[in-house]
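Values below: every heavy atom of this structure, side chains too, minus hydrogens, waters and symmetry copies.
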Amino acid sequence: TMRITQRISKCKECFTMDKKVLIISSSPRKGGNSETLAAAFAKGAREAGNQVETVYLREKQVGLCKGCLACLKLGHCVSGQLKTMLDRANPLFDTDYAFTKAYLLATAAENAPETFAGTEKAVQGWVDCFPRCALAGTVFAGGVNGVGEIAGHIALEQAYQMGKEV
């Protein structure tokens with residue numbers, strides 16, 4: 001038993017499994033503040049040994065949900081930015097989905113706490129639909145509007161650290 005314990009303590013890294021992290025960027029602006037915040041999170045997650053993929057919704061054609069519910073039968077949408085994409089996740093409700101944690105990173109020109117509260121509540125409502133998933137962390141960068149205004153904002157470090165802890 002002593003030999004096994006020593007071997008385990010010497011090889012802790014052998015037991016760390018990298019995770020697959022999917023970042024969905026809903027920013028319409030390439031290189032904008034939201035995208036910069038997501039990049040800080042991605043950097044932290046990569047440095048922690050995780051596999052990171054970023055999907056930019058501005059590069060996709062995501063139309064509004066028509067409410068036809070064909071997705072429930074077919075497993076994919078037949079009709080056509082973040083809320084719309086979340087609405088399109090309806091087919092996942094009854095599946096063996098693999099995600100267990102969700103993180104919300106947001107930026108806004110306004111800095112008031114209630115600015116973020118509505119977004120957080122909406123995302124929490126979506127997460128609540130998935131019993132094995134939890135909203136594991138949030139970062140809000142308020143008071144940033146123009147591209148690059150997020151530079152030096154404390155939220156960048158918060159997102160980076162949160163990414164490292166995924």
*Hey, could you give me each pair passing ring pair (Phe, Tyr, Trp, His ring centres under 6.0 Å) that has a residue in residues 130-166? Not counting sequence neighbours.*
Phe93-Phe130, Tyr97-Phe130, Phe99-Phe130, Phe116-Phe140, Trp126-Phe130

*Please list, chain by chain and in numerical order, all residues satisfying side-chain hydrogen bond (donor to acceptor under 3.5 Å, both in side chains) with Gln161, sequence neighbours excluded.*
Glu157

*All side-chain contact (heavy atoms from CB on, under 4.5 Å) counterparts of Glu53, not counting sequence neighbours*: Leu22, Val55

*Measure across Thr115 and Ala108 and return the closest heavy-atom pair with its distance rounded to 0.1 Å.*
CG2-CB, 3.8 Å

*Look up atom OG1 in Thr138 and atom CD in Gln158, then write down how far apart they are to the nearest 0.5 Å.*
9.0 Å

*Could you grab the distance from atom NZ of Lys19 to atom NZ of Lys101, nearest 0.5 Å is fine?*
3.5 Å

*Calculate, to the nearest 0.5 Å, the distance between atoms NZ and OG belonging to Lys30 and Ser25 respectively.*
11.5 Å

*With sequence neighbours excluded, tell me which residues meet side-chain contact (heavy atoms from CB on, under 4.5 Å) with Asp128.*
Gln124

*With sequence neighbours left out, which residue pairs that include part of residues 105-114 fulfil the side chain to side chain donor-acceptor pair (under 3.5 Å) condition?*
Ser34-Thr107

*Would you name the heavy atoms of Asn50 and Gly163 that are closest together and state the gap between them?*
ND2-O, 4.4 Å

_Apply the hydrophobic cluster definition, ILVMFWY joined by side-chain contacts under 4.5 Å directly or through others, and give me every member besides Val166._
Val21, Ile23, Leu37, Phe41, Val52, Tyr103, Leu105, Val139, Val144, Ile150, Leu156, Met162

*Look up atom OH in Tyr56 and atom OG in Ser27, then write down how far apart they are to the nearest 0.5 Å.*
10.0 Å

*Arg58 CZ to Ser26 OG distance, which is reported to the nearest 0.5 Å*: 10.0 Å

*Any idea which heavy atoms bring Glu35 and Arg29 closest together, and the distance?*
OE1-O, 3.8 Å

